[in-house]
Each structure stands twice: as C-alpha cells, then as structure tokens.
Peer 1: 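Attaching a single structure in structure tokens format; questions to follow.
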Amino acid sequence: MVTATGAVLFAAGPAGPAGPAGRILAAEQVTSSIAWPWAIAVVLVVVAAAGGLAWYFARNPTIKPTEEAVWVANSDYVEQIPEFRSWVRRYRGLQWAGIAAIALGALASAFIAARPVDIAVSNSKLATRDIVLCLDVSGSMIEYDMEMVDVFAELVDSFEGERIALSIFNSTSRTVFPLTDDYALVRDELEAAKEALDPEVLYSEDNDLIDKYLLFSAGTMGTMEGSSLIGDGLANCAMQFDESETERSRSIVLATDNEIMGTPIYTLQEAVDFTQERGIAINGLYGAGDFGPDAQYAGEYKDAIEGAGGRYYYSDDPTAVDEMVKEVQAQQAVDLDATPEVTSTDKAGPWFAWVLVAVVGLVLVQWRLRE
C-alpha cells in the first residue's frame with residue numbers, strides 16, 4: 001500500500017484565495033490502495049494453470065508422430081546451415097517474446113481485476129459565520145431596493161462557506177430563505193429579488209411586473225396598522241439565527257431608509273439593543289438621501305448602528321462591500337470539525353496501457369511466427 005498525503009486549502013477574503021483574511025476550510029489525505037488484492041492471486045493462478053496445461057500438451061501431443069512428421073534422409077546437415085540456425089534463433093526469440101507479452105498482459109489484467117483505488121479522506125472545517133440580510137421592502141424603499149440587492153449579491157460573491165439568510169419586511173416579515181451555504185440557491189433568490197424590486201413598478205401598468213413585486217413581497221403586509229416597521233423587521237432578523245449553543249459569529253446587514261409609518265412593537269433602538277443582547281453584530285445600509293426631511297431618519301439610523309459598534313454606509317458607497325466583508329471576517333469564530341468524508345475513486349493507472357501493449361505485442365509476434 002502506497003500512501004501520499006496532501007493538503008487542500010480553501011480560503012476566502014478580500015485579498016483573494018490566499019489573502020490575509022483567508023482560513024483553512026479543509027484538508028485531504030489521499031491513500032492509494034487495492035480493493036480486492038486476492039483477485040491478483042486468482043488471475044495469476046488461472047494463467048499459470050493454463051500455461052502448465054499448454055506446456056503439458058506440447059510435450060505430450062495427442063497426435064501420433066507418424067501422422068505429424070515426414071522423415072527425410074540425410075538431412076542432419078541442415079542444422080549446421082547458418083541461415084537455418086539464425087532462423088531458429090529468431091523463432092525461439094519470438095516464442096519467448098510471445099510468452100513475455102502473455103505474462104505482461106496477465107499481470108496487468110490481474111491488477112485491473114483487483115481494482116486499484118484512491119481513497120480520499122477529507123477532514124472539513126465548517127465555517128462558523130452566519131449572516132442575515134435584512135431588507136426593507138416598503139414603498140419608500142422600492143427606489144433603492146435594487147441597489148441594496150446588488151450590494152447583497154456582491155457580499156455573497158465575497159464569502160466562502162458562510163451561511164446566509166434573507167429576510168424582508170414591511171409591516172410584517174417574511175423569510176425568503178433561511179440560513180444556508182447553498183450559494184447557487186442564494187444567487188438565484190437574489191436575482192429573483194432584483195427582478196421583483198424594479199422601481200418601475202411604482203409607475204408601470206405592466207401586470208407581470210406588478211405581480212412579481214406582489215409575489216415577492218407577499219407576507220410583508222400582514223397588518224394595515226403601519227408600514228416600514230424597522231424595529232420589528234430587525235428583531236425578526238435577529239430571530240433567524242439557529243444553533244445558539246454553538247460558538248458561531250452572527251451578523252446582520254440591515255438595509256432600510258428608517259422611515260417609519262405606524263407604531264412598531266420594537267423601536268429601532270430597542271431592536272438594536274435586542275441584537276446586542278444576543279451577541280449579534282449589525283451593519284447598516286441607508287437607502288435614501290441625508291438632506292431635508294430625510295436628515296432626521298438618517299441621523300437616528302446612523303446613531304443606532306454606530307452606537308452598537310456597527311458600520312453605517314449609504315447604498316451607493318463603493319467601499320461598503322469591502323468594508324462589510326472585512327468587518328464580518330474580523331469576527332472571531334471557532335471552526336467546527338465536520339464528519340470526515342471518504343471518497344473512493346477507481347484508478348486503473350498505467351495497467352490499461354500495459355494490457356494494450358501486451359495485446360499489440362502478442363499480435364505482432366503471432367504475425368511474425370506465421371511468416
């Protein structure tokens with residue numbers, strides 16, 4: 001048994017796969033082995049038995065000598081002719097070459113029958129960072145929601161192994177998808193969200209466009225007593241985290257304009273305090289202007305987020321994605337050992353090639369012998 005060990009590294013971070021923010025997610029040990037070693041002995045015994053029988057019948061022919069040979073008088077001198085002796089040597093050499101080809105083919109076939117395999121044992125580390133994307137889909141945010149979803153998509157492209165969830169809210173909340181590391185699903189859902197949150201829906205009479213928005217935002221208007229209840233939406237996002245008994249880092253990216261209409265159960269500050277009590281970090285994306293009547297909303301939002309130790313960004317801030325990625329990856333997290341994954345892969349290696357060489361060699365030898 002031959003053993004070869006190699007490490008497979010997977011990393012994530014703004015500096016690229018080998019960047020300073022990266023970390024080892026998996027290591028793989030590969031062992032070359034033979035699944036059925038007894039098959040080698042079986043094949044070789046069968047070939048040896050067949051060779052022994054062939055040798056026996058060659059030495060003990062069933063045809064009588066008088067029927068298979070014609071004796072010629074005064075022919076002893078033929079064995080002394082140089083051309084004849086050279087021909088005999090070539091004939092014997094071809095016979096031994098044929099035997100060698102058969103032996104090579106038999107040995108290679110024995111190893112193929114024994115199933116040489118590569119057994120890979122992957123000792124994975126589960127990423128322990130969870131991020132909930134928390135999106136305000138109220139009427140005042142529709143003009144900015146596509147930008148917010150673009151930021152979310154860039155964040156997802158920058159992560160590797162983290163679990164991600166998306167929750168949307170207006171007067172009530174809906175979970176679009178729970179925490180998952182299925183990034184294909186995440187990207188598909190974010191693309192669907194971007195299509196549904198087209199700001200043209202505010203002015204368009206296109207029924208398809210309107211239906212997409214209504215279908216996507218279904219469940220976010222569970223009560224007509226208010227809209228854009230940011231505190232309640234944030235508190236619901238804080239409830240999306242599972243596995244509370246594990247040492248996982250938890251983050252929320254909240255995207256809103258902080259324009260509240262109605263009376264929420266949680267104020268924004270109370271919801272921020274609630275996330276802090278649960279050990280959840282929070283970063284904020286602001287989706288409106290910071291002038292005129294919006295200045296108060298922007299100031300309250302910024303004070304609440306930064307008061308909790310989070311970062312505050314405008315939706316069109318070109319540095320927002322990189323900074324939030326760094327913020328998430330700066331959080332300490334304990335890697336959890338996953339159950340080792342064992343993968344067995346058939347590896348015929350060079351044996352098929354040797355069988356082919358043996359067959360071609362045997363055909364050539366037989367062709368020359370017939371000459």
Side-chain angles (χ1 to χ4, degrees), residues 12-14 127 129-170 172-202 204 206 208-221 228 230 233-234 236-242 249-257 280-288 311 313-329:
R129 297 184 178 100
D130 292 342
I131 302 102
V132 173
L133 309 176
C134 197
L135 180 62
D136 183 349
V137 293
S138 61
S140 62
M141 274 291 292
I142 292 180
E143 292 187 46
Y144 303 95
D145 277 335
M146 284 187 71
E147 289 181 10
M148 300 297 189
V149 174
D150 282 336
V151 174
F152 288 168
E154 288 185 55
L155 282 171
V156 170
D157 289 339
S158 301
F159 291 140
E160 179 90 27
E162 282 79 7
R163 296 195 307 166
I164 301 170
L166 174 61
S167 178
I168 59 176
F169 67 89
N170 191 351
T172 53
S173 298
R174 178 175 83 86
T175 301
V176 178
F177 54 85
L179 286 167
T180 179
D181 58 2
D182 184 347
Y183 283 21
L185 178 146
V186 172
R187 292 186 178 92
D188 288 345
E189 291 292 344
L190 290 178
E191 185 62 32
K194 186 175 179 179
E195 292 179 8
L197 297 172
D198 190 331
E200 291 294 325
V201 74
L202 294 173
S204 176
D206 185 340
D208 288 340
L209 193 61
I210 295 171
D211 287 344
K212 283 183 180 180
Y213 172 76
L214 293 177
L215 180 62
F216 181 76
S217 62
T220 62
M221 284 297 293
S228 195
I230 288 91
L234 176 56
N236 180 77
C237 288
M239 298 296 292
Q240 298 296 313
F241 296 97
D242 57 4
S249 69
R250 298 169 173 83
S251 303
I252 291 176
V253 180
L254 174 64
T256 182
D257 58 1
I280 302 169
I282 181 170
N283 291 301
L285 283 171
Y286 184 64
R311 301 291 185 92
Y313 307 94
Y314 291 101
S315 60
D316 59 354
D317 186 341
T319 67
V321 172
D322 287 344
E323 293 299 322
M324 279 191 286
V325 169
K326 290 178 183 178
E327 181 74 13
V328 169
Q329 292 181 334

Peer 1: Would you say Leu254 and Asn283 make side-chain contact, with heavy atoms under 4.5 Å?
Peer 2: no
Peer 1: side-chain hydrogen bond (donor to acceptor under 3.5 Å, both in side chains) with Asp145: which residues, sequence neighbours excluded?
Peer 2: none
Peer 1: Evaluate the side-chain proximity of Val132 to Val253: yes if any heavy-atom separation is below 4.5 Å, no if none is.
Peer 2: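 Not touching, per the 4.5 Å side-chain cut-off.
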Peer 1: Salt bridge between Asp181 and Arg163, side-chain N to carboxylate O under 4.0 Å?
Peer 2: no
Peer 1: Can you find a heavy atom in the side chain of Leu197 that is under 4.5 Å from one in the side chain of Leu135?
Peer 2: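 The answer is yes; the side chains approach within 4.5 Å.
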Peer 1: I want to check something: taking the side chain as every heavy atom from C-beta on, are Tyr313 and Val151 in contact at a cut-off of under 4.5 Å?
Peer 2: no
Peer 1: Heavy-atom distance under 4.5 Å between the side chains of Phe241 and Ile131, does that happen here?
Peer 2: no
Peer 1: In chain order, what residues pass the side-chain hydrogen bond (donor to acceptor under 3.5 Å, both in side chains) check against Ser167, with sequence neighbours excluded?
Peer 2: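 Counting only residues at least two positions away or on another chain, Ser167 forms a side-chain hydrogen bond (donor to acceptor under 3.5 Å, both in side chains) with Asn236.
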Peer 1: Mind checking what makes side-chain hydrogen bond (donor to acceptor under 3.5 Å, both in side chains) contact with Glu189, not counting sequence neighbours?
Peer 2: none
Peer 1: Closer than 3.5 angstrom, by distance alone: can the side chain of Ser217 be matched with the main-chain N or O of Tyr213 as a donor-acceptor pair?
Peer 2: yes
Peer 1: Residues in salt bridge (Lys or Arg N to Asp or Glu O under 4.0 Å) with Asp157, at least two apart?
Peer 2: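 Counting only residues at least two positions away or on another chain, Asp157 forms a salt bridge (Lys or Arg N to Asp or Glu O under 4.0 Å) with Arg187.
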Peer 1: Under 3.5 Å, is there a donor-acceptor pair between the side chain of Tyr144 and the main chain of Tyr286?
Peer 2: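 Judged by distance alone, no pair lies under 3.5 Å.
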Peer 1: Supply the atom-to-atom distance Arg129 CZ to Ser251 OG, rounded to the nearest 0.5 angstrom.
Peer 2: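 Reported value, rounded in 0.5 Å steps: 9.0 Å.
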Peer 1: Quick one, Leu190 and Phe152 - any side-chain contact, counting heavy atoms below 4.5 Å?
Peer 2: yes
Peer 1: Could you work out, with side-chain contact (heavy atoms from CB on, under 4.5 Å) as the rule, every residue matching Asp206, not counting sequence neighbours?
Peer 2: Ser204, Asp208, Leu209
Peer 1: Name all residues meeting the side-chain hydrogen bond (donor to acceptor under 3.5 Å, both in side chains) criterion together with Thr175; count only those two or more places apart in sequence or in a different chain, and write none if there are none.
Peer 2: Gln240
Peer 1: By side-chain contact (heavy atoms from CB on, under 4.5 Å), which residues pair with Leu202, not counting sequence neighbours?
Peer 2: Ile142, Glu143
Peer 1: Is any side-chain heavy atom of Asp182 closer than 4.5 Å to a side-chain heavy atom of Phe177?
Peer 2: no
Peer 1: For the residue pair Asn170 / Ser138, report whether a side-chain donor-acceptor contact shorter than 3.5 Å exists.
Peer 2: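 No.
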Peer 1: With a 4.5 Å heavy-atom cut-off, do Ile164 and Leu179 have their side chains touching?
Peer 2: no
Peer 1: Quick one: CD1 on Ile168 to CE on Met148, what's the gap to the nearest 0.5 Å?
Peer 2: 14.5 Å
Peer 1: Can you list everything that forms a salt bridge (Lys or Arg N to Asp or Glu O under 4.0 Å) with Glu195? Sequence neighbours excluded, please.
Peer 2: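 Scan of Glu195 (salt bridge (Lys or Arg N to Asp or Glu O under 4.0 Å), adjacent residues dropped) gives Lys212.
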Peer 1: Once side-chain contact (heavy atoms from CB on, under 4.5 Å) is applied, do any residues pair with Thr172, and if so which ones, sequence neighbours excluded?
Peer 2: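 Partners of Thr172 by the side-chain contact (heavy atoms from CB on, under 4.5 Å) criterion, ordered by chain and then number, come out as Thr223.
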